[in-house]
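Step one of this worksheet: look at the structure below.
All values below were derived from every heavy atom in this structure, side-chain atoms included, with hydrogens, water molecules and symmetry-related copies excluded.
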Amino acid sequence: MDTLGQLECLFQYLRGRRLLPDPEVYQACPAGTVPFRAMQCALYNSRPILGGQAQYQWVPFHGAANLCDLNCLAMGHNFYYSFGRVLDGTPCSPASPELCISGRCLRAGCDGVLGSEARADACGVCGGRNESCVFVQEAFRVAVPTSGFFGYRNVTQISAGARQIRVIDNSRNYLALMKANQHYVLNGEWAVDQPGAFEAAGTQWHYTRTANGHETLEAAGPTSDDLFVMVLCQEEDLSIDYQYWGPRKQTLHRAQGEAHALRQPQAREVEAQHPEEPADFPEATAATRHFAKAEEVAKEAPQVTPAPLRTPTAPGPCGKCDPPRGKSQRLHHYCNSDFVFRARILSKRYVGSETRYDVQVQQTYRNRYPLRSREYLWVPNTCDCPHLLERREYLLMTRNHVNFEQTLNRLLLQRGGYARPWSPREDLLLRDAALRCQPGPPA
């Protein structure tokens, strides 16, 4: 492309950035076009500078402090020279979305205006407040009977319009993706596809598989059709985590239909989310930056103001906390607990004469029942016994409490229950207890 063609391409770019049209309307510069900053440096090739006779060939230098100065490096030499400001519309740095305008780096907001602070929310609405979608984050834990069911099993349905989808398989099974018409787009018909990128439901997906069989399935969305996340069972234990932003109406309707009668619904609206980061998923592909942005948006979402926390006015019957200590206590609690897991405390709230913790399950050790990635943990007192701090990780041994009427099912941590700050040493001690524990009924 000649210089005139490059300038015309720049003018198109600037017009588009001043009032940015849809991506389908805006035409990007052709591949192989000389970068605009490099073209400006080249204008000074073979021209003397500083009143001398020496002539140089110039290429862009990106290590200077002011990104909007035309800093050019003399080829074959170890110095650079600043020729003043770059022309308006020059990218601030390679592959940067920001442009230099009047010597300042400005970025176009989602409204197409340079310097605008408008940003799209997690639902894809420019300047929105995440009001048209909800954030879903769940853990799928099922033990397949040893007598059989080795084949395809449904994990969850993802409604059309979902964004920032991420599915992690922590077992040696295989993730599969199926459309509503029962046509597989990944790992269908008992055939396992190679990792890589593929198109499905109007968006690009990234599928990775590590040497030990762990898989990641990601898509930025939005999806154009309903999809079913499946798993091709090859071993008994299923361990799958998934998260996505879904359209409010469809996602809440689906969640209410699938929710367990005794547990909180699967879909959690973003207003109910706490500002702590969601579950730690391993990095997988370059598409991960989409999900980091989604998590950042979730933190900025409007929060529902909770009821004021009630603090006991007097110690009353609280007395002194007496946490369990020693090898025998650890073994006793481990063997007689329904749930043994590592969790992060997200928030605490007093409800009546009890304390309710919102916890994020990080790792499970011994569980007689399935656990979700987010659970409510109840302590039958308001004395902070055991003492659990927000944003800290603990090793917890709890009971499954079902009331007489069979209308309440919850995780219960007794006043003298086992709750210790998690550490690698605590992890080793717990694994030792697992070897010594004999099966038996809960205490």
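- A donor-acceptor pair is defined here as one N or O able to donate and one able to accept, closer than 3.5 Å; no such pair exists between the side chain of Arg356 and the backbone of Ser347.
- A donor-acceptor pair under 3.5 Å is formed between the side chain of Thr223 and the backbone N or O of Gly161.
- Under the 3.5 Å distance criterion, the side-chain polar atoms of Asp69 are left unmatched by any main-chain donor or acceptor of Asn71.
- To the nearest 0.5 Å, atoms CG (Leu87) and CD (Gln40) are separated by 4.0 Å.
- Across the pair Cys100 and Cys105, the gap between the SG atoms, which is the quantity tested here, reaches or exceeds 2.5 Å.
- A 6.0 Å sphere centred on CD of Gln182 holds no more than 12 heavy atoms belonging to other residues, nucleotides or ligands.
- The aromatic ring centroids of Tyr365 and Tyr334 lie 6.0 Å or more from each other.
- Judged by distance alone, with hydrogens and angles left aside, the side-chain atoms of Trp378 form no donor-acceptor pair with the main-chain N or O of Leu413 at under 3.5 Å.
- Between the side chain of Ser423 and the backbone N or O of Glu426 there is at least one donor-acceptor pair closer than 3.5 Å.
- Considering only heavy atoms from C-beta on, Val229 comes within 4.5 Å of Ile158 through its side chain.
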Evaluation steps, side chain to side chain contact (heavy atoms under 4.5 Å, CB included), between Leu412 and Thr398: CA-CA 6 Å; Leu412 186 68; Thr398 67; 6.0 Å; no
Intermediate values then yes/no, side chain to side chain contact (heavy atoms under 4.5 Å, CB included), Cys68 and Arg85: CA-CA 6 Å; Cys68 290; Arg85 285 183 181 175; 5.8 Å; no
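- Here the two rings, on Phe83 and Tyr81, have centers that are under 6.0 Å apart.
- The aromatic ring centroids of Phe135 and Trp245 lie less than 6.0 Å from each other.
- The SG atoms of Cys321 and Cys383 do not lie less than 2.5 Å from each other.
- Side-chain atoms of Arg366 do not come within 3.5 Å of backbone N or O of Phe341 as any donor-acceptor pair.
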Audit row: Asn154, Phe140, side chain to side chain contact (heavy atoms under 4.5 Å, CB included) steps and yes/no: CA-CA 10 Å; Asn154 184 39; Phe140 183 77; over 6 Å; no
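- Counting only distance, with no hydrogens or angles, the side chain of Trp422 and the backbone of Leu395 share no donor-acceptor pair below 3.5 Å.
- Thr90 places no side-chain N or O within donor-acceptor distance of the main-chain N or O of Val86, the cut-off being under 3.5 Å.
- Salt bridge annotation for Arg166-Asp241: absent, with no cationic side-chain nitrogen under 4.0 angstrom from a carboxylate oxygen.
- Below 30°, between 30° and 60°, or above 60°: for Tyr56 and His77 the angle between ring planes is above 60°, a perpendicular geometry.
- Here the side chain of Arg342 pairs no donor or acceptor atom with the backbone of Gln363 at under 3.5 angstrom.
- No close placement of the Tyr207 and Tyr174 rings is indicated, their centers lying 6.0 Å or farther apart.
- For Thr216 (side chain) and Thr208 (main-chain N/O), no donor-acceptor pair under 3.5 Å exists by modelled atom type.
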Full working for side chain to side chain contact (heavy atoms under 4.5 Å, CB included) between Leu177 and Asn187: CA-CA 7 Å; Leu177 196 63; Asn187 293 344; over 6 Å; no
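- Screening Leu175, Ile168, Asn170 for a side chain to side chain contact (heavy atoms under 4.5 Å, CB included) with Ile240, the sole residue that qualifies is Leu175.
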